[in-house]
Amino acid sequence: MKTPEHLTEWQHAVERTRSKSPSSFEQWFAGVQLESIEPGLVRLACKDAFVRDWVSAHFLPELRHHLEPVLGEHRVEWTIRSVLERPVCTPAERRPSAAPPPPDPTAQRAGARRAREERPARLRGLANLNAKFTFANFVVGPSNQLAYAAARASAGGGGARYNPLFLCGGTGLGKTHLMQSIAHQVLADRPGARVVYVSAEDFTIEFIQALQDKKMDEFRARYRAGCDVLLVDDIQFLAGREQTQEEFFHTFNALRDADKPIVVSSDKYPQQLQRMPERLVSRFGSGLVADVQVPQLETRVAILRKYAERERIELTDDVAVLIAQSVQSNVRELEGAIIRLAAKASLTGQSIATEFARSEIARVSSRSATVISVGDIQRVVCSHFRLSNAELLSKDRHKSVAFARQVAMYLCRQRLKSSFPELGRAFGNRDHTTVMSAVRKVEQLAETDPEVKAHLDELERKLSASEG
Ligand code: ADP
Ligand code: MG
């Protein structure tokens, strides 16, 4: 049966296999689950035969190679199950993979032992960097220019230009990629630098562990005196965790007083963070707040090209544009789309030619509609409230016009996950704070006012119909 020892070996083998091609691995292993592992036999479950065949052909040889020394000659048995409770990878929030272990086998074994003895691999400082998340692999466009430039400045040796740098924006838009690029860059420029990249979740786990083990001195040494650059990902995770917030607050102050760069990422703007004390919020906003937005078509195409080049997927311009047109919401999905397409094409022995891509995309996008735009939403809202587009975008503050405008902003935010500045621009060049308060207001009204709720339901219905 599953002994903890074999589970560790399994995780180790998974990490090593994943590190070769993280995006593709994570995409596929979101549909795979470990059932049991013992000498001679590994049982896996998966969602369907398609996943099973692809994983067997592309990942199992390597995975089994890593398991061989532990399990000996072993078989892999598959079961197909519609629901997987514990998939190997979670599709929504993918963890950055461990960096590949050093090539020397003794060092590898020692490293593995150390990792087992000390703490889980994902808590080990820089082992959690994804080798592909570098500035060189990051495509810069209008949607992320500021964030990119600010990240580069933070990585530069000449003291922190903006401290802290607060990177924010929707999921899958490159925040983690940028943060880890900073880490890679600092380490390349100054190999002795002590860079700590940690998710707020891992920071919390480590903090609690340190409290329990009475090792707060060590914890503080790691994050304060022993840290030259601190990168904390997904800070929204600290919401409501008062003790961790308190500890983080002191960490933050200590580093900033010492003029050490701090970079924080979040899925929200500082002022929008909920259950976060005001003193932290104001500190987050005290340096530079740079958002990443949904990339425009040209940038999406460039990202696809770069990705295909890296993963050696043949991709024609036609197909790149086709994919970029159909997947608009975020870069993670963009990568998912090309991986799936390449996988399917190679399984069925076809190339990703335009016709094949078109039919596949049509099939997928009939299920998940991502093709609606800000303009579409504005049109639907105008016709619903019998306003002209000019009125909607005007400075008119009459209650009914203002309400329609707020509703339109809210729907854009909900559906398109557009950033607040972007929406501000799309709504007659308004300030992003105006959009933020509009969205918040409609959110509240949707819960308290049945009439507003009815409008929203009706609009949702119309939008879905127009997506058809
Ligand atoms: P976030 O942390 O904002 O949720 P990630 O940084 O994890 O998003 O990005 C999701 C995926 O998209 C990653 O594989 C990342 O490499 C890729 N990605 C995002 N933005 C870009 C970009 N501008 N250029 C290249 N790849 C990108
Ligand atoms: Mg992230």
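As the structure is a computational prediction, the values presented were derived from the model and not from experiment. Note: hydrogens, waters and symmetry copies are ignored here, and every other heavy atom, side chains too, is used.
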Point to revise | From CA spacing to verdict: side-chain contact (heavy atoms from CB on, under 4.5 Å), L445, Y410 | key: CA-CA 11 Å; L445 285 175; Y410 165 86; over 6 Å; no
Please list, chain by chain and in numerical order, all residues satisfying ring pair (Phe, Tyr, Trp, His ring centres under 6.0 Å) with [X], sequence neighbours excluded.
{"X": "F166", "value": "F284"}
{"X": "F427", "value": "none"}
{"X": "F219", "value": "F203, F207, Y223"}
{"X": "H184", "value": "none"}

Where is the tightest heavy-atom contact between [X] and [Y], given as atom of each residue plus distance?
{"X": "C227", "Y": "V196", "value": "SG-CG2, 3.9 Å"}
{"X": "L165", "Y": "S154", "value": "CD2-OG, 3.5 Å"}
{"X": "M179", "Y": "V232", "value": "CE-O, 3.3 Å"}

Check your understanding: Would you call E335 and K306 a salt bridge, taking side-chain N to carboxylate O under 4.0 Å as the test?
Key -> no
Point to revise | Charged N-O contact under 4.0 Å between D457 and K453 | key: yes
Please answer whether the main-chain N or O of [Y] pairs with a side-chain N or O of [X] as donor and acceptor at a distance below 3.5 Å.
{"X": "R300", "Y": "A324", "value": "yes"}
{"X": "K132", "Y": "H177", "value": "no"}
{"X": "R405", "Y": "D396", "value": "yes"}
{"X": "N144", "Y": "A147", "value": "no"}
{"X": "K441", "Y": "F403", "value": "no"}
{"X": "Q33", "Y": "R86", "value": "yes"}
{"X": "S266", "Y": "D234", "value": "no"}

Review point. Roughly how far, to the nearest 0.5 Å, is the CZ atom of F248 from the CZ atom of R283?
Key: 11.0 Å
Exercise for review: State the CG-CD1 distance between L341 and I339, to the nearest 0.5 angstrom.
Suggested key: 11.0 Å
Check your understanding: Does the cation-pi check pass for R256 over F252, that is, NZ or CZ under 6.0 Å from the six-membered ring centre and within 45° of its axis?
Key -> no
Exercise for review: Is it possible for you to check whether R18 lies under 6.0 Å from the centre of the six-membered ring of F29, through NZ or CZ, and within 45° of that ring's axis?
Suggested key: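 No cation-pi geometry.
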Give a yes-or-no answer on whether the side chains of [X] and [Y] include a donor-acceptor pair shorter than 3.5 Å.
{"X": "D233", "Y": "T176", "result": "yes"}
{"X": "D318", "Y": "T316", "result": "no"}
{"X": "Q185", "Y": "R152", "result": "yes"}

Exercise for review: Could you please spell out the steps behind the side-chain contact (heavy atoms from CB on, under 4.5 Å) verdict for H455 and V407?
Suggested key: CA-CA 9 Å; H455 277 300; V407 165; 5.9 Å; no
Practice item. Assess whether side-chain contact (heavy atoms from CB on, under 4.5 Å) is satisfied between V195 and R190, documenting all intermediate values. Key: CA-CA 10 Å; V195 180; R190 291 175 281 152; over 6 Å; no
Check your understanding: What pairs of residues pass the salt bridge (charged side-chain N to carboxylate O under 4.0 Å, His left out) test when at least one of them lies in residues 137-147, not counting sequence neighbours?
Key ->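 Listed once each, the pairs would be none.
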Practice item. Indicate the ring-plane relationship of Y269 and H432, choosing parallel, tilted or perpendicular according to the 30° and 60° boundaries. Key: parallel
Practice item. Run the numbers on V374 and L423 for side-chain contact (heavy atoms from CB on, under 4.5 Å), then give the verdict. Key: CA-CA 8 Å; V374 172; L423 287 178; 4.2 Å; yes
Check your understanding: Should V229 and Y197 count as side-chain neighbours, where that means a heavy-atom distance under 4.5 Å?
Key ->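 SC-SC contact between V229 and Y197 ruled out.
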Point to revise | Those residues that, when tested against R305, pass salt bridge (Lys or Arg N to Asp or Glu O under 4.0 Å) (two or more places apart) | key: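 R305 satisfies salt bridge (Lys or Arg N to Asp or Glu O under 4.0 Å) with D317 once adjacent residues are dropped.
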Check your understanding: For E458, does the CD atom sit with more than 12 other heavy atoms under 6.0 Å from it, leaving out its own atoms?
Key ->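 Counting other residues, nucleotides and ligands, CD of E458 exceeds 12 neighbours.
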